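Have a look at the structure below before the remarks.
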Amino acid sequence: MTAPLPLDATGVITIDLSALQANWQALARLVAPAECGAVVKADAYGLGAAEVIPALALAGCRTFFVATPEEGRAARLLAPDARLFVLDGLFPGAAPLLLAADAAPVLSSLDEVEEWAREAARVGRKLPAALQVDTGLNRLGLSGSDVKVLADSPELLAALDLRLVISHRACADDPSHPHNAKQRAAFNRRRALLPAVPASLAASDGLMLGAAYRYDLVRPGYALYGGQAFQGGPTPVTPVVTVEARVLQVRTLKTGDSVGYSATWQTARPTRLAVVAAGYADGIARALSAAAGKKGGVVMVTGQRAPIVGRVSMDLITVDVTDVKGEVARGDLVTLVGPGLTLEAMGRAAGTIGYEVLTRLGPRFVRRYTGGGALP
Ligand SMILES: *Cc1c(COP(=O)(O)O)cnc(C)c1O
């Protein structure tokens with residue numbers, strides 16, 4: 001058994017850093033000779049960049065992607081020798097923050113390219129950058145006509161120490177989607193107009209589409225954290241995250257009693273109910289509520305599945321443990337995500353995706369880390 005929880009902890013997220021490292025290495029082997037980077041934006045998907053980044057660096061990862069300049073600053077302190085790219089690019093006037101972090105912006109518009117080139121003129125040297133070209137997601141990225149303008153602007157290109165050209169995918173989770181081949185073709189066309197630098201198209205899902213989609217570098221995030229993003233078959237990674245919360249009390253209800261706000265759920269038999277200290281303020285989606293005729297989420301109590309009943313409230317859920325064999329006691333931990341309860345399953349039950357489940361787990365959970373040291 002691990003050390004006891006702090007007395008005031010409502011619950012605990014256990015992060016297996018050795019599994020994280022093994023996942024990165026499995027993906028690195030899978031995509032070789034392409035390089036495997038790591039996306040650690042949003043505090044490493046909520047798992048703690050301070051622990052995740054050093055563990056990945058020890059596993060061999062050399063290239064990290066964050067979203068913002070501030071995440072870049074924090075990542076630079078954790079991985080002094082790594083290559084760092086900032087996916088949200090250059091915020092107006094924020095060039096000094098990127099320079100201080102020695103982080104390269106992923107430039108996604110001509111405005112950003114021009115501002116970065118002005119900064120290069122100011123400091124008197126070429127500045128490192130990645131370029132993002134849009135290939136059909138229509139989110140960030142230079143359009144086809146922007147790419148042509150840039151290709152015809154040698155003075156802009158000369159200001160950049162261009163390290164990478166990337167694009168991002170709309171439908172890579174679905175291997176049968178026609179968008180995949182279209183985006184790949186558009187990526188190749190745009191790239192052909194630009195200086196010949198390494199290319200990156202695939203995230204967790206796209207890297208599973210095969211070698212043609214991996215180019216020089218892949219950018220997984222979710223898969224490193226144990227997530228299954230690709231619909232066309234299993235990604236060779238194992239779970240990293242277990243989420244548990246405390247039972248605050250176990251109560252006995254009569255047939256016909258209702259549970260929770262708005263009395264949406266009623267017992268059909270004498271019922272044993274566990275009240276658990278996690279709610280929507282902790283990222284346990286209110287959509288996991290169960291009502292008459294609508295199933296809700298499921299948790300594990302001593303290794304047995306048990307349904308959430310009634311409404312999920314801010315700090316609490318209520319779980320029907322009538323059919324759970326054995327004792328359920330005040331102070332016990334029930335499992336919300338873990339063996340037999342995937343992030344994806346919780347996402348489906350809540351009408352969302354595992355990514356959102358993972359990144360919304362709140363600050364009241366204690367985060368506990370196992371493994372993650374230097375690898376042989
Ligand atoms: C978040 C993000 C990724 C990582 O995506 P996953 O699906 O978590 O692997 C890769 N590239 C870009 C541009 C992103 O925004």
Side-chain angles (χ1 to χ4, degrees), residues 1-24 38-56 71 74 78 204 221-229 237-248 274-286 288 297-303 305-306 308 312-317 319 331-347 349-350 352-373:
M1 279 305 282
T2 36
L5 280 187
L7 290 177
D8 63 346
T10 55
V12 57
I13 303 176
T14 305
I15 297 145
D16 183 345
L17 295 173
S18 295
L20 170 80
Q21 292 175 314
N23 288 346
W24 183 84
V39 180
V40 293
K41 61 194 179 189
D43 199 27
Y45 290 45
L47 298 183
E51 288 78 12
V52 164
I53 291 176
L56 288 172
E71 291 176 2
L78 296 161
S204 294
Y222 188 56
L224 296 175
Y225 311 115
Q228 294 287 336
V237 293
T238 59
V240 169
V241 181
T242 305
V243 181
E244 297 164 292
R246 265 188 216 276
V247 174
L248 297 180
V275 183
V276 175
Y280 60 76
D282 303 295
I284 307 306
R286 193 163 174 279
L288 294 169
V298 173
V299 305
M300 293 279 220
V301 183
T302 57
R305 296 168 75 83
I308 294 176
V312 172
S313 48
M314 188 183 298
D315 315 305
L316 301 169
I317 53 175
V319 176
D332 284 358
L333 290 173
V334 308
T335 303
L336 306 172
V337 174
L341 282 180
T342 61
L343 292 165
E344 291 76 39
M346 189 187 254
T352 181
I353 54 174
Y355 287 73
E356 189 176 359
V357 171
L358 184 61
T359 55
R360 289 178 79 94
L361 293 170
R364 283 197 295 213
F365 287 109
V366 170
R367 279 151 173 85
R368 203 151 61 178
Y369 297 89
T370 63

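Small disclaimer: the values here were computed from a predicted structure and weren't measured.
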Under the criterion side chain to side chain contact (heavy atoms under 4.5 Å, CB included), I'd like the reasoning laid out for V243 against M346: C-alpha separation, chi angles, the key distance, then a yes or no.
CA-CA 12 Å; V243 181; M346 189 187 254; over 6 Å; no
Before giving the answer on side chain to side chain contact (heavy atoms under 4.5 Å, CB included), spell out for I284 and I317 the whole-Å C-alpha distance, their side-chain angles and the decisive distance to 0.1 Å.
CA-CA 9 Å; I284 307 306; I317 53 175; 4.1 Å; yes
Using side chain to side chain contact (heavy atoms under 4.5 Å, CB included), reason through R246 and T10 one step at a time and then give a plain yes or no.
CA-CA 6 Å; R246 265 188 216 276; T10 55; 5.9 Å; no
Is there a side chain to side chain contact (heavy atoms under 4.5 Å, CB included) between E51 and L17 once you walk through the steps?
CA-CA 8 Å; E51 288 78 12; L17 295 173; 4.1 Å; yes
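One finds the CZ atom of R364 at 11.5 Å from the CG atom of D8 (value rounded to the nearest 0.5 Å). Remark: D315 CG to L248 CG distance equals 9.5 Å, nearest 0.5 Å. Atom OG1 of T359 and atom CG of L47 lie 9.5 Å apart (nearest 0.5 Å). Rounded to the nearest 0.5 angstrom, T242 OG1 and M300 CE are separated by 11.0 Å. Of the inter-residue distances, the one linking D16 atom CG with Y369 atom OH reads 12.5 Å to the nearest 0.5 angstrom.
Taking 4.5 Å as the limit, every side-chain heavy atom of I15 sits out of range of all side-chain heavy atoms of L20. In this structure the side chain of E244 never reaches within 4.5 angstrom of the side chain of L5, judged on heavy atoms.
Nearest approach of L336 to L341, heavy atoms of both residues: O-CD1, 3.6 Å. The two atoms that bring S204 and Y222 nearest to each other are OG-N, 3.4 Å, heavy atoms only. The two residues V312 and A285 make their nearest non-hydrogen contact at CG2-O, 3.7 Å. Contact record, Y45 with G221: OH-CA, 3.6 Å, taken as the closest heavy-atom pair. Across V241 and L358, no two heavy atoms sit closer than the pair CG2-CD1, 4.0 Å. Of all heavy-atom pairs between A349 and G297, the closest is CB-CA, 4.4 Å.
Of the possible polar contacts, none joining the E344 side chain to the G354 backbone as a donor-acceptor pair under 3.5 Å is found. Checked by atom type and distance alone, the side chain of D43 pairs as donor or acceptor with a backbone atom of A49 at under 3.5 Å.
Take E356 and apply the salt bridge (Lys or Arg N to Asp or Glu O under 4.0 Å) test, not counting sequence neighbours, and it matches R360. For Y280, the ring pair (Phe, Tyr, Trp, His ring centres under 6.0 Å) criterion is met by no residue, not counting sequence neighbours.
Each of V237, V52, L343, N23 was compared with Y225 under the side-chain contact (heavy atoms from CB on, under 4.5 Å) criterion, and only V52 meets it.
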